[in-house]
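Notes for the one structure printed next.
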Amino acid sequence: MVAFNDFLLLLDGYLSGSWWFPAFLIGSGIFFTIYLGFPQFKFFSHGWRIVTGKYSKDNAVGDTSPFEALTTAMSGAVGTGNIGGVALAIWIGGPAAIFWMWITAIFGMTTKFVEVTMAHKYRTKLSDGSISGGPMYYIENGLNMKWLAVVFSVCLLMMCLGTGNMPQISSISVVLLDTFNIPKIVTGIVLSVLVWLVIIGGIKRIAQIASKLVPFMAFWYIVGGLAVIISNYENIIPSFQSIFIHIFTPTAAVGGFLGASVAAALTRGVNRGLYSNEAGQGSAPIAHASSKTENPIEEGMVSILEPFIDTIIICTLTGLVILSSG
């Protein structure tokens, strides 16, 4: 177990601590942003109109509405990454890590627009009538690279079993143990049963549950966060100042922060931003592929909203809670 943990730490250092990770992630977003003419700004308002049902079509093919697809994708994004991920980024990279999370989100909006549009375009109808799609379909059918589609599927499965589940159940079980003295094994069993009851119903049930739970938990998290920030209102402006002051200068090892270099702020901000909004990860397109929209680009417009809500709003809120409250 120790050897396996050391291997994971080594892998994490290579993937998230190296220069090439933010270079490729942000670089891809910059390329598509320029190539497509800044779609994250051009289509932002139209994405909201599609989500609200203004352009809904009863005869459109799919299993979920655009709103249900959006909340299903966000159900895997809004959570531990918005809380523990932001705290870890600030602890290791300093306040400037929040700035790099913003940058990741801005260009990630375009990245998600591209991957969701492609997933919707190359989706397929299964024998039971349900819709299935995702990067593995457009990699195989669009790029004619079946071997790469298999590699992606295996990697995504590992991600779902790892970062998609373990941090969440760990955080929940630790909190319940510390607060209510509930054994971790009990928490794990109960949550496993609840999750099974949801996923056994397929994408339709997952979407129905997510469309109700995600807005509810996001709303109350925002309310709680604002309550903390408002109670420390005198620290709001200094908090923003600390974010921008240290973008290109190291953070001193005072005030609870480690001595963070500019590189640490950048890499931690970028990888925590990805962990939060999943732009470029390939998981969100699977949920969006089932949406009832006639044009794949319309669903891409809907997906633009994810990084904005998840990172620009919720992660910023978490960061301000931490910085303003000390």
Worksheet item: Where do Thr64 and Thr72 land on the side-chain contact (heavy atoms from CB on, under 4.5 Å) test, with the steps shown first?
Response: CA-CA 10 Å; Thr64 62; Thr72 300; 5.6 Å; no
Practice prompt. Would you check, one step at a time, whether the test side-chain contact (heavy atoms from CB on, under 4.5 Å) holds for Leu323 with Phe240?
Written response: CA-CA 9 Å; Leu323 296 176; Phe240 278 107; over 6 Å; no
Discussion item. One pair to check against side-chain contact (heavy atoms from CB on, under 4.5 Å): Thr33 and Ile106. What are the steps and the verdict?
Written reply: CA-CA 10 Å; Thr33 295; Ile106 290 173; over 6 Å; no
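Taking the six-membered ring where the residue is Trp, the centroids of Phe44 and Phe308 are separated by under 6.0 Å.
Lys204 NZ: 12 or fewer foreign heavy atoms inside a 6.0 Å radius. More than 12 heavy atoms of other residues, nucleotides or ligands shown are found within 6.0 angstrom of CZ on Phe244. Counted within 6.0 Å of CE on Met145, heavy atoms from surrounding residues, nucleotides or ligands total more than 12; the atom is thus considered enclosed. Residue Ile237 qualifies as open at atom CD1: its count of foreign heavy atoms under 6.0 Å is 12 or below. Annotation for Ile131: atom CD1 counts as buried by contact number, over 12 foreign heavy atoms lying within 6.0 Å.
You'll find the side chain of Glu299 reaches within 4.5 Å of the side chain of Val302, heavy atoms only. Put simply, the side chain of Leu226 reaches to within 4.5 Å of the side chain of Ile222, judged on heavy atoms. Residues Leu156 and Ser283 are in side-chain contact: their nearest non-hydrogen atoms beyond the backbone lie under 4.5 Å apart. In this structure, the side chains of Asn141 and Thr124 stay at 4.5 Å or more apart for every pair of heavy atoms. Counting only heavy atoms from C-beta outward, the side chains of Leu317 and Ile229 approach each other to under 4.5 Å. For the pair Val190 and Ile182, the minimum side-chain heavy-atom distance is 4.5 Å or more. Considering only heavy atoms from C-beta on, Met101 comes within 4.5 Å of Val86 through its side chain. In this structure, the side chains of Gln40 and Phe113 stay at 4.5 Å or more apart for every pair of heavy atoms.
The distance from the CG atom of Leu36 to the OG1 atom of Thr110 is 7.0 Å, given to the nearest 0.5 Å. In this structure, OG1 in Thr318 is found 12.0 Å from CD1 in Ile313, a value given to the nearest 0.5 Å. Between the CD atom of Glu298 and the CZ atom of Phe43 there is a distance of 11.0 Å, given to the nearest 0.5 Å. Note that CD1 of Ile304 and NZ of Lys112 are 11.5 Å apart. Values are rounded to the nearest 0.5 Å. Rounded to the nearest 0.5 angstrom, Ile50 CD1 and Leu305 CG are separated by 9.0 Å. To the nearest 0.5 Å, atoms OH (Tyr138) and OG1 (Thr117) are separated by 9.5 Å.
Screening residues 146-174 for ring-ring contact (aromatic ring centres under 6.0 Å, His included), with sequence neighbours left out, gives no hits.
Summarising the geometry of Gly282 relative to Glu115, their closest heavy-atom pair is N-OE1, 3.5 Å, with the distance given to 0.1 Å. Between Pro215 and Ala210, the shortest heavy-atom distance links the atoms CD-O, 3.6 Å. When all heavy atoms of Asn232 and Ser324 are compared, the pair lying nearest together is CB-O, 3.6 Å. Here the shortest heavy-atom pairing between Ala284 and Ala73 reads CB-CB, 4.0 Å. Contact detail for Pro95 and Ile243: the closest heavy-atom pair is O-CG1, 3.7 Å. The two residues Ala287 and Ala69 make their nearest non-hydrogen contact at O-CB, 3.9 Å.
At least one donor-acceptor pair under 3.5 Å links the side chain of Ser303 to the backbone N or O of Gly300. Remark: side-chain polar atoms of Glu140 are not paired, donor with acceptor, to backbone N or O of Tyr137 under 3.5 angstrom. At distances below 3.5 Å, at least one donor-acceptor pair connects side-chain atoms of Ser211 with backbone N or O atoms of Gln208. For the pair Arg205 (side chain) and Leu197 (backbone), a donor-acceptor distance under 3.5 Å is present. In this structure, Ser290 contributes its side chain and Ile286 its backbone to no donor-acceptor pair below 3.5 Å. Between the side chain of Arg123 and the backbone N or O of His288, no donor-acceptor pair lies under 3.5 Å.
Follow the hydrophobic side-chain contacts under 4.5 Å out from Ile199 and you reach Leu213 in the same cluster. Grouping the Ile, Leu, Val, Met, Phe, Trp and Tyr side chains by contacts below 4.5 angstrom, directly or via other members, places Val186 with Phe180. Criterion: ILVMFWY side-chain heavy atoms under 4.5 Å apart, direct or through other members. Under it, Ile312 and Met217 are part of a common hydrophobic cluster. In terms of hydrophobic clustering, with Ile, Leu, Val, Met, Phe, Trp and Tyr side chains grouped at heavy-atom distances under 4.5 Å, Ile309 and Phe216 are assigned to different clusters. There is no path of hydrophobic side-chain contacts, each under 4.5 Å, that joins Ile209 to Ile200.
For the residue pair Trp102/Thr311, the side-chain donor-acceptor check at 3.5 Å is not satisfied. In summary, the side chains of His120 and Ser291 do not present any donor paired with an acceptor at a separation below 3.5 Å, with no hydrogens or angles considered.
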